S.K.: 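One structure follows; several queries about it will come next.
These figures come from a predicted structure and were not determined experimentally. In what follows, chains carry the letters A, B, and so on, assigned in the order in which the sequence lines appear, proteins first and then strands, with residues in each chain numbered from 1.
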There are 2 protein chains.
Amino acid sequence: MALEHAILVSLTERAGSGYELARRFDRSIGYFWPATHQQIYRVLRRMDEAGWVKHTEIAQEGRPDKKVYRVAAAGRAELTRWLAEPEDPAVLRDGLGVKLRGASLGSVDVVLKEIERHRAEHATRLEVYRSIQKRDFPKPSTLHGRDLHQYLVLRGGIRAEESFTAWCDEVIEALRKDNP
Amino acid sequence: MALEHAILVSLTERAGSGYELARRFDRSIGYFWPATHQQIYRVLRRMDEAGWVKHTEIAQEGRPDKKVYRVAAAGRAELTRWLAEPEDPAVLRDGLGVKLRGASLGSVDVVLKEIERHRAEHATRLEVYRSIQKRDFPKPSTLHGRDLHQYLVLRGGIRAEESFTAWCDEVIEALRKDNP
DNA sequence: AGGTGCAGTGCAACGAGTTGCATAGGTACG
DNA sequence: CGTACCTATGCAACTCGTTGCACTGCACCT
């Protein structure tokens, strides 16, 4: 599995503390692999014990000390091993589909409102992603290597949110027509 | 949370055994909420103890006995309660994004092959969904109520797979151009 | 003076999902 | 005849993810 690997990818790009990693996940890698600070701390300790990463304690003024992690040789080896290993395709998992499926057992109107709410949230995420795209990748055709990969991951997030909001629109329209 | 509720929705439509439910999940509800037989058996027992469902043991010839579950009053109440309750929007979680992000740390070529493989799998799922759509919902504009909801859920699965395969295509093309 | 929020790490308990295995009889194939 | 797959249920162990909490100290707002 992969929180280990997601962290290794992030740490290879740049060393950082658990806290910093948690914030990075909220942005970039988190589009495809969300994680809370709790998970991250636990996995960091595990990887430290396994020798995949090393940490240095850094004393700070006015702030708590922090542990900055770097990827060790064993971690790099594990990462390349994992990159070459096939992975099971992901599955969708969204309670909203279950709600829609069961809508007629409760109030269709309430479920409709819920779908509108989700649509709004996903549209907000979409706007966030689009503004990142504009800011960080204004000329996609000029990208290469790591920057290109990062851009393509962002594109995945954008496409997923576009598709989801479009589905919500289809559902909302159909339910409105059916439920006058 | 929601495996309970997914099962309640499915059982409300039609009573069934754990085994049957597992197979139903492989098809319809599983597009949005996959579950293994293990999870289903465990949750069924839990719901039985809680009085949300009742079971009848049915002896069969040439086959093992089975327990057919029906939704009880408490289960119906729980289901309508849950339907009215707001739910957190789902997040994407796909290791493929992490691999792409880290591609330059290993072999871009190997990651590209992996993406092609995922594309093929998702395309297969998409074809399955489309054939279900053709077979079960040839005239979507005539649908109402529960049938309409079921159709719209399927549409969600179709849209998700379409969007994913299109993203894979974008990635494959971009990586090929970048990696001659 | 008190509340909120940020930076920073962490424990403990729980809930959800995964994997391997066990049992058992029937059918179908080579 | 053996193997493999289908129906049918379930235990045990494990990993993964979630939630609530604890502690420190500074900055900012009202």
S.K.: Round to a whole Å and report the spacing from CD of A:E20 to P of C:dT9.
M.R.: 8 Å

S.K.: By the salt bridge (Lys or Arg N to Asp or Glu O under 4.0 Å) test, which pairs, at least two apart or in different chains, include something from residues 19-41 of chain B?
M.R.: B:E20-B:K66

S.K.: Which residue lies toward the 5' end of DNA chain D, B:D88 or B:K66, if each is placed at its nearest nucleotide?
M.R.: B:K66

S.K.: Does the pair B:R119/B:D169 count as a salt bridge with the N-to-O cut at 4.0 Å?
M.R.: yes

S.K.: How are the rings of A:H118 and A:H122 set to each other: parallel, tilted or perpendicular (split at 30° and 60°)?
M.R.: tilted

S.K.: Got B:C168 and B:E116 here, is their nearest side-chain heavy-atom distance under 4.5 Å?
M.R.: no

S.K.: From CZ of A:R23 over to P of C:dT9, roughly how many Å is that when rounded to an integer?
M.R.: 12 Å

S.K.: Determine whether a donor-acceptor pair (one donor, one acceptor, N or O, separation below 3.5 Å) exists between the side chain of A:H37 and the base of C:dG8.
M.R.: no

S.K.: Using a heavy-atom distance cut-off of less than 4.0 Å, which residues of residues 38-47 of chain A contact DNA chain C?
M.R.: A:Q38, A:Y41, A:R45

S.K.: Are OP1 or OP2 of D:dC16 and a side-chain N or O of B:R93 less than 4.0 angstrom apart?
M.R.: no

S.K.: Parallel, tilted or perpendicular: which fits the ring planes of A:H5 and A:W82, with parallel below 30° and perpendicular above 60°?
M.R.: parallel

S.K.: OP1 or OP2 of D:dT9 versus the side-chain N and O atoms of B:S17: is any pair under 4.0 Å?
M.R.: yes

S.K.: How would you list all residue pairs meeting salt bridge (Lys or Arg N to Asp or Glu O under 4.0 Å) that involve residues 34-45 of chain B, not counting sequence neighbours?
M.R.: B:R45-B:E49

S.K.: OP1 or OP2 of C:dT9 versus the side-chain N and O atoms of A:R63: is any pair under 4.0 Å?
M.R.: no

S.K.: How many whole angstroms separate atom CD of A:Q60 from atom P of D:dT24?
M.R.: 18 Å

S.K.: Rounded to whole angstroms, how far apart are CG on A:L3 and P on C:dG17?
M.R.: 17 Å

S.K.: Using a cut-off of less than 4.0 Å, is there contact between a side-chain N or O of B:Y19 and OP1 or OP2 of D:dT7?
M.R.: yes

